[in-house]
Amino acid sequence: MARHLITSALPYINGIKHLGNMVGSMLPADVYSRYLRQRGHDVLYICATDEHGTPAELAAKERGLPVDEFCAQAHDAQKAVYDGFALAFDYFGRSSSAENRDITQHFARKLNENGFIEERAIRQVYSPADGRFLPDRYVEGTCPHCGYDKARGDQCENCTRVLDPTDLINPRSAISGSTDLEVRETKHLFLLQSKLQHEVEEWVARHEQDWPQLASSIARKWLTEGLHDRAITRDLDWGVPVPADTWPELAAEGKVFYVWFDAPIEYIGATKEWADQDPANRDWKSWWYEADDTVRYTQFMAKDNVPFHTVMFPATELGVREPWKKVDYVKAFNWLTYYGGKFSTSQKRGVFTDQALDILPADYWRYFLIANAPESDDSSFTWEHFTATVNKDLADTLGNFVNRVLSFSRKRFGDEVPAGGEPGEAETRLGEEIAGLLAEYENQMEALQFRKAASALRALWSAGNSYLEEKAPWLEIKTDKDAAALTLRTAMNLIHLYAVVSEPFIPSSAAAMRAAFALPDDTATWTTPEEAKSLTTIPVGTPFTVPPVLFAKLTDEDLETYKDRFGGRPA
């Protein structure tokens with residue numbers, strides 16, 4: 001089987017992330033990773049907290065903590081939430097690791113040796129009130145493109161345009177709020193992306209036809225506008241230091257690499273962190289170095305991260321002139337909005353992942369978010385839509401099917417799978433239908449079309465309900481006990497099938513369904529469409545239990561409670 005390297009965009013360290021962050025990268029990467037593992041592939045799913053740059057320093061300052069201590073605490077807090085969402089990372093690292101420092105410095109040295117880094121004197125914002133130069137995010141102001149008055153000096157959160165601090169209108173210090181700012185000269189390192197434009201264009205051209213339109217169009221837009229040389233160092237106390245053996249003057253001044261230079265390298269760094277935990281059995285370089293023919297690399301990210309992963313990081317990898325693995329497929333997502341407005345970490349608008357887990361178990365959120373993933377366009381979160389989806393798909397279609405089949409069978413036939421008669425025409429039709437729907441589910445998962453995959457999964461669940469309504473074992477039992485037993489036995493096999501194939505979406509509920517049957521040798525990781533036709537996985541006489549209610553229906557009172565807490569529209 002193929003080896004699959006999967007990464008999701010690194011979440012910033014400054015605070016717990018909202019649902020938009022979850023569905024824009026980490027959750028779909030987890031769903032895909034789980035699916036591939038079940039199909040027998042060798043999978044390595046890597047992520048990490050992005051800990052450098054001004055967000056970390058500003059958040060630490062607000063908390064009154066040293067930045068390294070703040071990052072350590074915030075990493076653990078984020079990891080706890082991701083564990084709560086059942087994200088099955090192979091490793092969740094930290095961009096402040098020694099591994100990332102060493103590899104980032106190696107990349108910088110090689111780029112310099114190859115003539116792609118240049119030291120330049122630039123004019124930069126200086127705050128006399130703060131007594132320091134102000135890097136990108138330490139400067140706030142009005143975006144010159146869209147007029148948003150809380151734009152940062154590196155990027156406008158509203159229109160996503162990349163900025164320099166000197167672009168802002170009415171700039172102010174994010175530290176002190178002072179508007180008494182000056183522009184002074186200082187030296188920084190620049191990555192000469194303009195010299196790599198042609199190589200990046202050729203690389204994108206070889207891949208963009210396979211990417212989603214969102215990813216390829218954003219990459220093409222940046223290339224059409226032309227790649228500009230960009231400063232890759234900043235005046236910060238926290239970051240990967242410029243190596244003194246190559247740039248002694250800048251190192252003495254305390255320069256560190258720009259967070260967007262070292263953050264993508266952390267995918268490699270985190271893989272080395274993973275390998276360093278068990279070096280005898282883990283080879284990090286086999287995933288990243290000279291791996292073009294042996295590894296398929298898929299990245300997951302929201303659209304604001306696409307330029308950095310389709311243009312800037314590939315330019316870095318091309319420039320080092322070493323055979324580092326570059327991405328094969330970029331799965332990009334649009335925005336998940338909150339009643340049509342943006343989720344915002346900085347403005348605390350929308351539902352945050354820790355709050356979500358306080359309200360309901362993870363599977364409710366996992367299913368809803370993937371079933372409504374913003375793939376082709378933005379999608380809107382509303383409490384009305386969330387409640388309707390949970391009640392219809394999870395509680396009524398899947399949960400009710402499981403409960404009524406097992407409860408009725410236990411009541412009429414005891415705690416073992418009943419025998420009943422031989423399968424007939426209805427069971428043959430059902431097997432063919434299930435095989436076709438399962439093949440569709442597989443096809444959509446292979447194509448990374450998550451909404452369509454969710455639709456196919458939902459259709460699989462619905463097929464069981466349709467079969468149950470057609471056969472009506474509560475009526476069959478009155479005239480033909482064997483026929484009722486056959487229907488229930490067939491339905492139990494559907495429950496087991498649902499447990500296996502639903503695991504990527506709702507792992508905890510899938511485990512509960514599977515555990516309902518006392519099958520000591522139940523080691524199957526997947527059921528193929530051909531295997532699914534027979535619906536005979538669960539032997540007659542297998543003991544079973546009725547699990548607790550898988551999904552509780554949400555009431556009108558619940559809906560009003562959620563809306564009162566979070567608002568029925570964006571603030």
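All heavy atoms count here, side chains included; hydrogens, waters and symmetry mates do not. All values derive from a computational prediction rather than experimental measurement.
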Novice: For the pair R94 and E51, find out whether any cationic side-chain nitrogen is under 4.0 Å from an anionic carboxylate oxygen.
Specialist: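 Salt bridge: yes.
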Novice: How far does CD of E531 sit from CD1 of I434, to the nearest 0.5 angstrom?
Specialist: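 Those atoms lie 14.5 Å apart.
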Novice: If you apply the rule side chain to side chain contact (heavy atoms under 4.5 Å, CB included), what do you find for F544 with L406, and how did you get there?
Specialist: CA-CA 8 Å; F544 71 88; L406 297 180; 3.9 Å; yes
Novice: Strictly below 4.0 Å, N to O, side chains only: are D262 and R101 in salt-bridge contact?
Specialist: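 Judged by the 4.0 Å cut-off on N to carboxylate O distance, D262 and R101 do not form a salt bridge.
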Novice: Hey, is CD on Q277 packed in by over 12 heavy atoms from elsewhere, all under 6.0 Å?
Specialist: yes
Novice: How far does CH2 of W287 sit from OG1 of T294, to the nearest 0.5 angstrom?
Specialist: 8.5 Å
Novice: Any Lys/Arg nitrogen of E427 or K471 sitting under 4.0 Å from an Asp/Glu carboxylate oxygen of the other?
Specialist: yes
Novice: Quick check for you: to the nearest 0.5 Å, what is the distance between I218 atom CD1 and H309 atom NE2?
Specialist: 12.5 Å
Novice: Using atom types as modelled and distance alone, determine if a side-chain donor or acceptor of R3 lies under 3.5 Å from a backbone N or O of V295.
Specialist: no
Novice: According to the interplanar angle, ranging from 0 to 90°, do the rings of W324 and H106 count as parallel (below 30°), tilted (30 to 60°) or perpendicular (above 60°)?
Specialist: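 Perpendicular.
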Novice: Could you tell me if the side chain of D393 sits less than 4.5 Å from the side chain of L398, heavy atoms only?
Specialist: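 No. Closest side-chain heavy atoms not under 4.5 Å.
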Novice: Which heavy-atom pair separates D304 from P307 by the least distance, and what is that distance?
Specialist: O-CD, 3.6 Å
Novice: Does D50 use its side chain to pair, donor to acceptor, with the backbone of P11 at less than 3.5 Å?
Specialist: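 Judged by distance alone, no pair lies under 3.5 Å.
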Novice: Is T389 close to L394 at the side-chain level, that is, under 4.5 Å between some pair of heavy atoms?
Specialist: no
Novice: Determine the sole option in K331, K325, K326 for which the salt bridge (Lys or Arg N to Asp or Glu O under 4.0 Å) test with D328 is passed.
Specialist: K325
Novice: What side chain to side chain donor-acceptor pair (under 3.5 Å) pairs are there with at least one residue in residues 507-525, not counting sequence neighbours?
Specialist: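 Those involving residues 507-525 are D363-S509, H496-D522, R514-D522.
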Novice: Quick test of your reading: applying ring pair (Phe, Tyr, Trp, His ring centres under 6.0 Å), list the pairs with at least one residue in residues 403-460, sequence neighbours left out, ordered by first then second residue.
Specialist: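 Ring pair (Phe, Tyr, Trp, His ring centres under 6.0 Å) check on residues 403-460 returns no pairs.
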Novice: More than 12 non-hydrogen atoms from neighbouring residues, nucleotides or ligands closer than 6.0 Å to CD on E384, yes or no?
Specialist: yes
Novice: Salt-bridge test for E375 and K452: reply yes if a basic N is under 4.0 Å from a carboxylate O, no otherwise.
Specialist: no
Novice: Check whether the side chains of Y91 and R282 place a donor and an acceptor atom closer than 3.5 Å, and report yes or no.
Specialist: no
Novice: Does D378 come within less than 4.0 Å of K303, counting only side-chain N to carboxylate O?
Specialist: yes
Novice: Output yes when a side-chain donor or acceptor of R366 lies under 3.5 Å from a complementary backbone atom of P504, and no otherwise.
Specialist: yes
Novice: Please work out which of the three classes, parallel, tilted or perpendicular, describes the rings of Y267 and Y297, given edges at 30° and 60°.
Specialist: perpendicular
Novice: Which heavy-atom pair separates L437 from A459 by the least distance, and what is that distance?
Specialist: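 Smallest interatomic distance, heavy atoms only, reads CD1-O, 3.5 Å.
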Novice: Give a yes-or-no answer on whether the side chains of T542 and E416 include a donor-acceptor pair shorter than 3.5 Å.
Specialist: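 The criterion, which ignores hydrogens and geometry beyond distance, is not satisfied for E416 and T542.
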Novice: Closer than 3.5 angstrom, by distance alone: can the side chain of H18 be matched with the main-chain N or O of G20 as a donor-acceptor pair?
Specialist: yes
Novice: Salt-bridge test for R404 and E469: reply yes if a basic N is under 4.0 Å from a carboxylate O, no otherwise.
Specialist: yes
Novice: Centroid separation under 6.0 Å, is that true for the rings of Y45 and H4?
Specialist: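 No, the ring centres sit 6.0 Å or more apart.
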Novice: L87 and F92: side chain to side chain contact (heavy atoms under 4.5 Å, CB included), yes or no, with the steps?
Specialist: CA-CA 10 Å; L87 300 184; F92 186 71; over 6 Å; no
Novice: Looking at E425 and R429, does any basic side-chain N land under 4.0 Å from a carboxylate oxygen?
Specialist: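 R429 and E425: salt-bridged.
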Novice: Around atom CG of D556, are there more than 12 heavy atoms from other residues, nucleotides or ligands closer than 6.0 Å?
Specialist: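 Atom CG in D556 is not crowded, with 12 or fewer foreign heavy atoms closer than 6.0 Å.
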Novice: If I take atom CZ from residue F505 and atom CG from residue L457, how far apart are they, to the nearest 0.5 angstrom?
Specialist: 6.0 Å
Novice: Rounded to the nearest 0.5 Å, what separation is found between the CG atom of D377 and the CG atom of L214?
Specialist: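 One finds 10.0 Å between CG of D377 and CG of L214.
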Novice: Under a 4.5 Å cut-off applied to non-hydrogen side-chain atoms, are T310 and W211 in contact?
Specialist: yes
Novice: State, yes or no, whether a side-chain contact exists between L438 and W526 at a heavy-atom distance under 4.5 Å.
Specialist: yes
Novice: So do the side chains of L448 and T298 get within less than 4.5 Å of each other, counting heavy atoms only?
Specialist: yes
Novice: Is there side-chain contact between L497 and T537, with at least one heavy-atom pair below 4.5 Å?
Specialist: no
Novice: Suppose the criterion is side chain to side chain donor-acceptor pair (under 3.5 Å): which pairs have a residue in residues 76-88, not counting sequence neighbours?
Specialist: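 As it turns out, the side chain to side chain donor-acceptor pair (under 3.5 Å) pairs with a partner in residues 76-88, which skip direct neighbours, are Q78-Y82, K79-D83.
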Novice: State plainly whether the residues E442 and R39 are in salt-bridge range, i.e. N to O under 4.0 Å.
Specialist: yes
Novice: Determine yes or no for a side-chain-to-main-chain donor-acceptor pair under 3.5 angstrom, with N400 supplying the side chain and A395 the backbone.
Specialist: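 Checked: no pair found.
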Novice: Let me confirm one number: the CZ-CG distance from F386 to L360, rounded to the nearest 0.5 Å.
Specialist: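 Atom-to-atom, F386:CZ and L360:CG are 5.0 Å apart.
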Novice: With under 30° as parallel and over 60° as perpendicular, where do the rings of F368 and F381 fit, or are they tilted in between?
Specialist: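 F368 and F381: perpendicular rings.
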Novice: Does a side chain donor of either W335 or S379 reach within less than 3.5 Å of an acceptor in the other side chain?
Specialist: no
Novice: Looking at every non-hydrogen atom in both residues, tell me the closest pair between C71 and I13 and how far apart they are.
Specialist: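 For C71 versus I13, the nearest heavy atoms are O-CD1, 3.6 Å.
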Novice: Under 3.5 Å, side chain of W274 to main-chain N/O of W284, donor-acceptor pair present?
Specialist: no
Novice: Just by distance, do the side chain of N403 and the backbone of G399 share a donor-acceptor pair under 3.5 Å?
Specialist: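 Not at all, since once roles are kept as given, no pair shorter than 3.5 Å links the two residues.
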Novice: Identify the heavy atoms of A291 and S286 that sit nearest to each other, and give their distance.
Specialist: CB-O, 3.5 Å
Novice: Does the plane of the ring in W383 sit parallel, tilted or perpendicular to the ring in Y562? Use 30° and 60° as the thresholds.
Specialist: tilted
Novice: Is any side-chain heavy atom of V330 closer than 4.5 Å to one of H207?
Specialist: no
Novice: Between the side chains of E446 and Y35, does any donor sit under 3.5 Å from an acceptor?
Specialist: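 The answer is yes; a qualifying pair exists.
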Novice: Using 4.0 Å as the upper bound for N to carboxylate O, is an ion pair formed by D396 and K553?
Specialist: yes
Novice: I want to know whether W260 and H52 have ring centres closer than 6.0 Å.
Specialist: no
Novice: Strictly distance-based, threshold 3.5 Å: is any side-chain N or O of D558 a donor or acceptor partner for the main-chain N or O of T555?
Specialist: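 Confirmed, D558 side chain pairs with T555 backbone.
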Novice: On a heavy-atom basis, which atom in I265 and which in N100 lie closest, and how many Å separate them?
Specialist: C-OD1, 3.4 Å
Novice: Before you tell me yes or no, could you show the steps for L19 and L369 under side chain to side chain contact (heavy atoms under 4.5 Å, CB included), namely the whole-Å CA-CA distance, both residues' side-chain angles and the distance that decides it to 0.1 Å?
Specialist: CA-CA 8 Å; L19 294 181; L369 291 171; 4.2 Å; yes
Novice: Salt bridge or not for R37 and D90, using N-O below 4.0 Å?
Specialist: yes
Novice: Determine whether a donor-acceptor pair (N or O, by modelled atom type, separation under 3.5 Å) exists between the side chain of S502 and the backbone of A499.
Specialist: no
Novice: Under the 3.5 angstrom rule, does the side chain of Y329 hit a backbone N or O of R296 as a donor-acceptor pair?
Specialist: no
Novice: Can you see which heavy atom on P314 is nearest to which on W203, and at what distance?
Specialist: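 Result for this residue pair: CG-CZ3, 3.5 Å.
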Novice: Once you measure the plane-to-plane angle for F333 and F300, does it fall in the parallel (<30°), tilted (30-60°) or perpendicular (>60°) bin?
Specialist: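 Parallel: the ring planes of F333 and F300 meet at under 30°.
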